[in-house]
Amino acid sequence: MSVRVRFAPSPTGYLHVGGLRTALYNYLFAKHHGGKCILRIEDTDRTRLVENATEMLIDSLSWAGINFDEGPVQGGDCGPYIQSQRFDLYREYCNKLIDSGAAYYAFDNAEEIDAMRDRLQKAGLNPKYDRTTMKNHYTLGEEETKKLLAENVPHVVRLKVPMEEDIRFTDIIRGDVSINGREVDDQVLLKSDGFPTYHLANVIDDYSMKITHVIRGEEWLTSTPKHVLLYDAFGWERPQFAHLPLLLNKDKSKLSKRQGDVAVEDYRAKGYFKDTIVNFVALLGWNPTADREIYTLDELISSFSLEKVNKGGAVFDIQKLEWMNAQYLKALDPDYLAQEFMPMLEEAGINGISNEYAAKCITLFKERLHFLSELIPNARFLFENPTEFEEAYLEKHWKENTMDIVMPLVNILKNEEDYSHQNLHDKTKEYVESAGLKLKDVIHPLRLMITGRSVGAGMFETMEIVGREKCIQRYDYFIEKYGK
RNA sequence: GGCGCAUUUGUCUAGUGGUUAGGACGCGGCCCUCUCAAGGCUGAAGCACGGGUUCAACUCCCGUAUGUGCUACCA
């Protein structure tokens, strides 16, 4: 049977990086096995609807390069792929559960449930639904239940969980897992608004969408017994389960908004490349060999296996993420980078820069940046003549005789037509040798004149890119300002 | 609290009964060098603890500790 997996987020307004990893692992697994990866939107909680959330989710996912074979946008044979549009299906299946005795009607209101939980908690007992004392099919009887239903009294449908029986299932990542029925609540399956809860909808949809492997976060592990009970009650074959370890904050708690950025969109906005994010997140909790760090999507696909996924949670280490982005910055094609860079120029109010020129600047500077966005703050002089010069450097290194040393060179360079870095280097070297100086004696003052700064990329390469005309403007400006 | 799940350097990890416990980020040093980076070399840093099983345990079993998740008519 061919592999079918799904990513089933609820539309909360953004894509969590943990969600991205879940989606990615589903995608990698599907592609590795030549199967299908499906997107399903789990919007059964009508109280938490967020405008445009689904669009944002899909946008982030497709930015990251995760494309689905079936889903709300592309459709498919098992649609619709949005749970709120599958409303009738759930009621229908739920009735089968009631007929077979696997589920039952309950009529308690919120206050009654709260009171029950209080009572149980105070008695030191597990605060789960007490089937034997509350208002439900078992305590009310057949007649009364029918009557209340006929009167349209608000009600829910609950799963009848066996009282004292181990519920077992096998997880690909964790092996055999067993939880006793006494720990499992009689979960609400159908809410009083007629919508299913996650647990019911999830099982029915996974079955009707022919999902073979359920790959999801570890937070679902303890509710898997409920799902297993449902598959069994319906007489359906259970899918294989794989519960992924959590992504953690620095303090090891579940990665959350309060301790930093969690939305994929945040990282995108900060200037991380999609390749970085995908590569990094893929290696959190899984590693093919650990002898290297950089993998293309295709390489991830070909080496992925669920068996190699770790069991323990992984801290999301921003420092390593930054390092990885720098790796991509160095490796990515300059023309592609130039395209990404153009909007940043615009935002900085710098106009009239060609893609070609931008690409040259990026090539010059990329190995000393972590983000493309750092180029302008670090090297604005590539786009505009500097008018400010580092005061600290001037005070510390600009000596009485510095101008005397540099002026002859400036005069030589002003008369040079050839501003290739090689020629600039040769001419400077000639001068330096004839004057009994070292290259570094003139390079730093030169750097200050041309860039206004004391640090930067190779000086002659920089001058070549800035060009003869602008270099001359800058010598003159500097001499006017500081020389005499 | 109960139950589940986990535990290799600060962090991400390789490891699958016998290894000098390997790699990467970060940190320190050295080299390279026109500065800053990048790069190369290198150093410090780890199998949570206690019992077993075994000729032999990081690897298997059992406890303990610690962490974490769940415990909703949320997903």
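Since the structure is predicted, the reported quantities are computational estimates derived from the model, not experimental observations. Hydrogens, waters and symmetry mates play no part in the numbers below; they use all other heavy atoms, side chains included. The sequence lines fix the lettering, A, B, ..., with proteins before strands; numbering per chain opens at 1.
- RNA chain B is contacted by both A:Arg48 and A:Gly312; A:Gly312 maps to the nucleotide lying nearer its 5′ end (nearest heavy atom per residue).
- Look at A:Asn310 and you'll find a side-chain N or O under 4.0 angstrom from OP1 or OP2 of B:A14.
- No side-chain N or O of A:Ser420 forms a donor-acceptor pair with one of A:Asn423 less than 3.5 Å apart.
- Ion pairing of A:Asp261 with A:Lys270 is present here, as a side-chain N (NZ or NE/NH1/NH2) and a carboxylate O approach within less than 4.0 Å.
- Heavy atoms of A:Asp108 sit under 4.0 angstrom from at least one base atom.
- Across all strands shown, B:C32 remains unpaired; no Watson-Crick or G-U wobble contact has both distances below 3.5 Å.
- Partner assigned to B:A48 is B:U64, using Watson-Crick or G-U wobble distances below 3.5 angstrom.
- B:A48 and B:G67 are spaced 11 Å apart, taking the C1' atom of each and rounding to whole Å.
- Distances shown here put a side-chain N or O of A:Lys191 below 4.0 Å from the OP1 or OP2 atom of B:A75.
- The shortest distance between the side-chain N/O atoms of A:Lys308 and the OP1/OP2 oxygens of B:U16 is not below 4.0 Å.
- At whole-Å resolution of the value, CG in A:Leu246 and P in B:G69 are 7 Å apart.
- Among the protein residues, A:Ser10 comes within range of the sugar-phosphate backbone only, with heavy atoms under 4.0 Å from sugar or phosphate atoms but none that close to a base.
- In summary, of the residues considered (A:His199, A:Arg238, A:His243), a side-chain hydrogen bond (donor to acceptor under 3.5 Å, both in side chains) with A:Thr224 occurs for A:His243 alone.
- Base pairing of B:A56: no nucleotide in any strand meets the Watson-Crick or G-U wobble criterion (both distances under 3.5 Å).
- Listed for the A:Arg292 side chain is a donor-acceptor partner under 3.5 Å among the backbone atoms of A:Ile294.
- Distances were taken from every side-chain heavy atom of A:Ala314 (C-beta onward) to each of B:C73, B:U68, B:U13; the shortest belongs to B:U13.
- Of the candidates B:C25, B:U71, B:A75, the closest approach to any side-chain atom of A:Asp45 belongs to B:A75.
- Counting any heavy atom pair closer than 4.0 Å across all strands shown, A:Val315 reaches sugar-phosphate atoms only and no base atom.
- Across all strands shown, A:Thr12 has no heavy atoms under 4.0 Å from either base or sugar-phosphate atoms.
- Nucleotide B:U71 has B:G1 as its partner under the Watson-Crick or G-U criteria, with both atom distances under 3.5 Å.
- Rounded to whole Å, the separation between the P atoms of B:U8 and B:C58 comes to 15 Å.
- Heavy-atom distances to RNA chain B give each of A:Leu283 and A:Arg158 a nearest nucleotide, and the one nearer the 5′ end belongs to A:Leu283.
- Taking the C1' atoms as reference points, B:G26 lies 8 Å from B:U11, given to the whole Å.
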How does each nucleotide of nucleotides 34-45 of chain B score, in 5' to 3' order, for protein heavy atoms under 4.0 Å: base (B), sugar-phosphate only (S), or none (-)? BBBBSS------
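- A:Asn378 places a side-chain N or O within donor-acceptor distance of the main-chain N or O of A:Glu374, the cut-off being under 3.5 Å.
- Distance CZ (A:Phe241) to C1' (B:C5): 16 Å, rounded to an integer number of Å.
- Taking the P atoms as reference points, B:A75 lies 35 Å from B:A65, given to the whole Å.
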Apply side chain to side chain contact (heavy atoms under 4.5 Å, CB included) to A:Ser10 and A:Asp45, showing your working. CA-CA 9 Å; A:Ser10 62; A:Asp45 186 354; over 6 Å; no
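- The residue A:Arg453 sits apart from the nucleic acid: no heavy atom pair falls under 4.0 Å.
- Nucleotide B:U11 has B:A24 as its partner under the Watson-Crick or G-U criteria, with both atom distances under 3.5 Å.
- For A:Asp205 and A:Arg86, the salt-bridge test passes: some basic side-chain N is under 4.0 Å from an acidic carboxylate O.
- No more than 12 heavy atoms of other residues, nucleotides or ligands shown are found within 6.0 angstrom of OH on A:Tyr207.
- In this entry the distance linking NE2 of A:His243 with P of B:G69 reads 16 Å, nearest Å.
- Nucleotides B:G2 and B:U9 place their C1' atoms 35 Å apart, quoted to the nearest Å.
- With distances taken from any side-chain atom of A:Glu218 to the nucleotides B:C5, B:A14, B:G69, the minimum falls on B:C5.
- Atom C1' of nucleotide B:C12 and atom NZ of A:Lys252 are separated by 10 Å, given to the nearest angstrom.
- In this structure, A:Asp176 atom CG and B:G4 atom C1' are separated by 14 Å, rounded to whole Å.
- One interatomic measurement links the two molecules: CD of A:Glu183 to P of B:G1, which rounds to 15 Å at whole-angstrom precision.
- One interatomic measurement links the two molecules: CD1 of A:Ile204 to P of B:A75, which rounds to 13 Å at whole-angstrom precision.
- Here B:G69 is the nucleotide among B:A72, B:G69, B:U13 with the atom lying nearest to any side-chain atom of A:Glu219.
- Atoms CG (A:Asn287) and P (B:U11) sit 17 Å apart, rounded to a whole Å.
- Here A:Thr197 lies in heavy-atom contact (under 4.0 Å) with sugar-phosphate atoms only.
- Taking the P atoms as reference points, B:C5 lies 26 Å from B:C47, given to the whole Å.
- Of all nucleotides present, none satisfies the Watson-Crick or G-U wobble test against B:A38 with each distance under 3.5 Å.
- With A:Phe383 as the aromatic partner, A:Arg380 does not meet the cation-pi criteria of under 6.0 angstrom to the ring centre and within 45 degrees of the ring axis.
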Evaluate A:Phe195 against A:Gln83 for side chain to side chain contact (heavy atoms under 4.5 Å, CB included), listing each step before the verdict. CA-CA 9 Å; A:Phe195 274 87; A:Gln83 287 185 330; over 6 Å; no
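- Side-chain proximity of A:Val177 to B:A72, B:C5, B:A24: nearest is B:C5.
- Between B:U71 and A:Ser223, no contact under 4.0 Å exists linking OP1 or OP2 to a side-chain N or O.
- Remark: the A:Glu390 side chain and the A:Ser454 side chain contain an N/O donor-acceptor pair separated by less than 3.5 Å.
- Within the 4.0 angstrom heavy-atom criterion, only backbone atoms of the sugar-phosphate kind lie near A:Lys254; the bases stay farther away.
- Distances shown here put every side-chain N or O of A:Arg292 at or beyond 4.0 Å from the OP1 or OP2 atom of B:C12.
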